[in-house]
Amino acid sequence: MTALALLNQKFPVADVIAGTKCERAIKWELTIGDDLKPKWTHSIVCVSIEKTPFAKGSCRTAHKLKDWSQPDQGLVGKFSTNKKTTRDSYFTDVLMQTFCAKWAEKFNEAKPPKPITFLPSYVYELIDHPPPYPVCGGEPFIEGDYKKHNNNSGYVSSDARNTPQSFSHFSYELSNHELLIVDIQGVNDFYTDPQIHTKSGEGFGEGNLGETGFHKFLQTHKCNPVCDFLKLKPINQSKKALLRGTLPVVQLMDFHDAIGLNGNGSGPKNNYDMNYFRNGGGAQQPISLDDEEKMLQEQLERIRAQQQQKSKPSPPLVKQPSGNNLHKQQTPSSPTSKPVPQIVKTPSQSNVVNKSPVSPPKENSNVKLEQDNINNNNNNNSSSSNNNDNNNNNNNNNNNNNNNNNNNNNNNNNNNNNDNINNSSNSSSVSSNSSSVSSSSSSSSSSSSTTNAVPISIQVRNSPPPQQPIQPSSAASGSTSNVPTPESTSTSSMEQTPDRSEFEKWDLTSIKNIDTVRGLQSECVTGDSLRLYSGSNDGQIGVWDAVELKHVTNIKAHGKSIRAVIKRPGFEQNILTAGADSLVKEWDINTQQTIKEIKESNEVNTIFIQDNLLYTGCNDKTVKVWDMRSYECVKTLSGHTRAIKSVCAMGNLLFSGSNDQQIYVWNLATGTILTNFQGHEGWVKTLYAHNNMLYSGSHDETIRIWDLKTTRCVNTIKCKDRVETLHVTNQGIFAGSGDWLQVFSHDKYENLASLNTRSSILCLWRNQNQLYTGSLASNLKVWSWDKM
């Protein structure tokens, strides 16, 4: 008979005792010695878990947890919301956090200005439920502001504190480039939920990106004074970086050590230290079944004592303003005693998370997907994806404003006076599917340059528009026979399915993750109602089934990372890809063959197509315009001082966003700059035009909304992190902001939802009421929401 069966005979299932619901749990704890061998121990404890979470993300919920073996320590219980999460993943998280705590000890031995601590973590198996037992992670609750300093795909927080960044660098150098600790987050310098990359890419969960994670970190890390103090090998060091943040002045550090200060005036509200965590609030470890029974009895006595304390009447002569004060008594501290030596029971010799003395059967959970029957027939948005040349973070612009009739531009003379635009001579009109660009006419005399200019007036269709196949005019001279024509495509592309955002009312506060499709890293994505196409940092196109939500195949397309992928309107089977190998390629997705190839002069970060014109933004600071009938460059637009990261066009206007923090507005007829939008304090990574407005997302963690009638910024939305990608509909604004998927209302710009995806979102693509997000985590996440 097992120890648990014997315990069930002596000690029945825990229940509500004195008004407090408690239940038994197997508590797993991990210790790692100097030999770096993990040793698991377990004990049976009583726990009380609040049913309602106090915090909720896209991947898990956080609940207040009371472990009655440590009654004085507040804990957080973390439950995964993904039904596919296995029991082993909880043990992997604890293993990773405990392993990082050993590296933190090494880091502290070097006497940095501020020591760091990784919180101890546990696994709780709730055994008073029918098998398979529910499992949750547990760790101490720390008061204060929770911040994320970096992540597993190269992101660095805008405040870029020196200590967290130097610790990641420290782990990389001292491991001889064998591992890297990232995803540093927590309260002050108490860290939790880290991620470890290994050179082999093996172990430590799905977040281990291997050498790809190394590369992302090395691209964005900038050495700081703490790195210099620790004598780490310089990476992207700059003089400016050495003058900010924590400065390790040795004399001051020794003085602070002597008087007990760590140089940080904004520490946690409580005086936490490692002894507090190591001692576990005076918890004892059982060594036998009798001890376990005795400890459980003591825990239940503590519960009863606490309830009796609460129910006692107020002492006489003490004036009580209300009965609520009766519930403000402190929990009595547990009696202090020396810890009893514990039995060492390892779940496995070779893999610490595969087996355990108490091992319930693995749960085979299937996520049931409720999916609307969507028939979009290729009337979706083309996506422009932008890549950051320093950190390879790519973003995806879902902009597609296609004019279905010929554009007639007649002699535009543009005079720019301050921030206003005066279009003189003959007016320029664009005939489109309820889309027009109107310019006011004024005299062309020399005195007109001193008068008040008329601002841009732009009227565009609701986004995303229904896309009509574009009938090219007579082919330009030099066109080749292998240029695809609309007649060669299927007639199904001629049909239109209206965008539901035009007429449905959506409850975007209900947005939730309905599935995660494993397959390929995704830095950019586009598609239709049947297929999705993503670009990966290894140069492959990922093909996905949008109906059955599964990964189909990969196509080797570029020699370096693919930074943009879009569909060619009117050509059902054709997609365009652009990459860091300076190539733009058009593909027949059925035959998986290249139709045509364009050689750029530098790395291509973004592409956008409108009618027969393709726009490319490159690291050479230029935007080029290509005629897709002849595949020739017809115009080069110069003006930016740094790499172009986003382009989108509307009528005869082109918008370009750059690392120089500027947004330029170009007149395509003349190739001149009409104006520039200033205000961002970081790289402009994504642009989206919708209903007379231009939306721009930046690494300054903001979204700015520009009124194209007045050319002014009418609103600024503060996001949780650097904005990599945007998608706008009549219903709301979707933003990929670091690890966060954020949704804002379209009218009042209120935050409707913020979901933590645990991996930086690099691209977005929507098909009716389903949203797809791509990242470096080798999967596509699928999101949906309810209709009102």
Side-chain angles (χ1 to χ4, degrees), residues 57-60 80-93 96 151-153 183 195-198 200-213 216 351 353-354 362-371 383 385 394 396 511-527 530-557 561-562 565 589 725 736 739 741 755-767 770-784:
S58 62
C59 299
R60 59 188 178 185
S80 174
T81 58
N82 186 352
K83 294 181 179 180
K84 296 181 180 179
T85 301
T86 64
R87 173 180 180 268
D88 288 356
S89 64
Y90 289 94
F91 287 89
T92 301
D93 290 343
M96 193 152 38
N151 72 0
N152 67 333
S153 59
D183 221 3
Q195 177 61 54
I196 299 176
H197 297 317
T198 59
S200 64
E202 298 177 354
F204 300 114
E206 295 180 356
N208 181 0
L209 303 182
E211 292 190 351
T212 297
K216 293 294 184 184
N351 186 344
V353 297
N354 285 342
K362 301 281 185 73
E363 178 181 3
N364 294 323
S365 57
N366 296 320
V367 177
K368 293 183 179 179
L369 176 64
E370 296 180 0
Q371 181 181 0
S383 302
S385 173
N394 301 276
N396 182 22
I511 186 170
K512 57 186 177 296
N513 180 215
I514 61 172
D515 204 352
T516 299
V517 189
R518 310 292 179 187
L520 190 70
Q521 298 171 346
S522 303
E523 300 193 8
C524 47
V525 64
T526 189
L530 300 177
R531 286 284 190 268
L532 301 178
Y533 310 100
S534 64
S536 173
N537 66 345
D538 60 3
Q540 296 191 86
I541 301 171
V543 183
W544 313 72
D545 190 319
V547 179
E548 298 184 6
L549 296 179
K550 65 180 183 180
H551 177 243
V552 178
T553 187
N554 296 329
I555 304 172
K556 184 61 179 177
S561 65
I562 299 177
V565 56
I589 207 64
T725 179
D739 288 1
L741 173 61
L755 307 173
N756 191 339
T757 66
R758 295 183 64 81
S759 186
S760 286
I761 298 175
L762 303 179
C763 53
L764 295 173
W765 188 78
R766 181 182 64 86
N767 180 26
Q770 282 191 343
L771 185 75
Y772 302 86
T773 59
S775 68
L776 294 181
S778 299
N779 61 51
L780 281 178
K781 287 184 178 291
V782 188
W783 310 81
S784 187

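Residues take their numbers from the sequence shown, with the count starting at 1.
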**Request:** Evaluate the criterion side-chain contact (heavy atoms from CB on, under 4.5 Å) for residue pair Trp765 and Ser522; output intermediate values, then yes/no.
**Result:** CA-CA 12 Å; Trp765 188 78; Ser522 303; over 6 Å; no

**Atom pair CD1 (Ile541) and CG (Asn554), whose distance is rounded to the nearest 0.5 Å** = 9.5 Å

**Asked** Is it true that a side-chain atom of Asp739 and a backbone atom of Ser760 form a donor plus acceptor pair closer than 3.5 Å?
**Response** yes

**Message:** Using 0.5 Å steps for rounding, measure from the OG atom of Ser775 to the CZ atom of Arg758.
**Reply:** 12.0 Å

**Message:** For Gly207 versus Asn152, what's the shortest heavy-atom pair and its separation?
**Reply:** O-ND2, 3.2 Å

**Item:** Exercise: identify the closest heavy-atom pair between Cys524 and Ile562
**Value:** SG-O, 3.7 Å

**Asked** Given side chains that start at C-beta, do those of Tyr533 and Val543 come closer than 4.5 Å, heavy atoms only?
**Response** yes

**Asked** Which pair of non-hydrogen atoms, one from Val525 and one from Val565, has the smallest distance, and what is that distance?
**Response** N-CG1, 3.7 Å

**Request:** Tell me, please, which residues at least two apart from Arg60 pass side chain to side chain donor-acceptor pair (under 3.5 Å).
**Result:** Asp193

**Request:** Report the residues that fulfil salt bridge (charged side-chain N to carboxylate O under 4.0 Å, His left out) with Asp545, sequence neighbours left out, ordered by chain and then residue number.
**Result:** Arg531

**Complete:** Between Val782 and Asn513, the two heavy atoms sitting closest are O-ND2, 2.8 Å

**Asked** Quick check: does any side chain N or O of Gln195 sit under 3.5 Å from a backbone N or O of Phe204, one acting as donor and the other as acceptor?
**Response** yes

**Prompt:** Could you walk me through whether Trp783 and Leu755 pass the side-chain contact (heavy atoms from CB on, under 4.5 Å) check?
**Reply:** CA-CA 11 Å; Trp783 310 81; Leu755 307 173; 3.3 Å; yes

**Request:** Mind listing the closest non-hydrogen atom pair of Gly736 and Leu764 along with its distance?
**Result:** N-CD1, 4.0 Å

**Asked** To the nearest 0.5 Å, what is the distance between NE2 (His551) and OG1 (Thr553)?
**Response** 6.5 Å

**Approximate separation, where rounding is to 0.5 Å, of Ile555 CD1 and Ser536 OG** = 13.0 Å

**Message:** Test your reading of the model: is there a side-chain donor-acceptor pair from Thr81 to the backbone of Cys59, 3.5 Å cut-off?
**Reply:** yes

**From CA spacing to verdict: side-chain contact (heavy atoms from CB on, under 4.5 Å), Val517, Asn779** = CA-CA 5 Å; Val517 189; Asn779 61 51; 5.9 Å; no

**Asked** Which atom pair, heavy atoms only, marks the closest approach of Thr86 to Ser89?
**Response** O-OG, 2.6 Å

**Prompt:** Nearest 0.5 Å, what's the OG1-CD1 distance between Thr773 and Ile761?
**Reply:** 5.0 Å

**Message:** Does any part of the side chain of Thr212, heavy atoms only, come nearer than 4.5 Å to the side chain of Asp538, both counted from C-beta?
**Reply:** no

**Prompt:** Are a donor atom and an acceptor atom from the side chains of Ser80 and Asn82 found within less than 3.5 Å of each other?
**Reply:** no

**Prompt:** Given His197 and Lys216, is the side-chain contact (heavy atoms from CB on, under 4.5 Å) satisfied, shown in steps?
**Reply:** CA-CA 11 Å; His197 297 317; Lys216 293 294 184 184; over 6 Å; no

**Item:** Student check: side-chain heavy atoms of Leu762 and Thr725 closer than 4.5 Å
**Value:** no

**Asked** Does atom NZ of Lys550 have more than 12 heavy-atom neighbours, drawn from other residues, nucleotides or ligands, at distances under 6.0 Å?
**Response** no

**Asked** Atom CG in Leu780, atom CD in Gln521: separation rounded to 0.5 Å?
**Response** 11.5 Å

**Item:** Asp515 and its side-chain contact (heavy atoms from CB on, under 4.5 Å) partner, picked from Gln770, Lys781, Lys84
**Value:** Lys84

**Request:** Classify the side-chain pair Asn208/Thr198 by whether it contains a donor and acceptor separated by less than 3.5 Å.
**Result:** yes

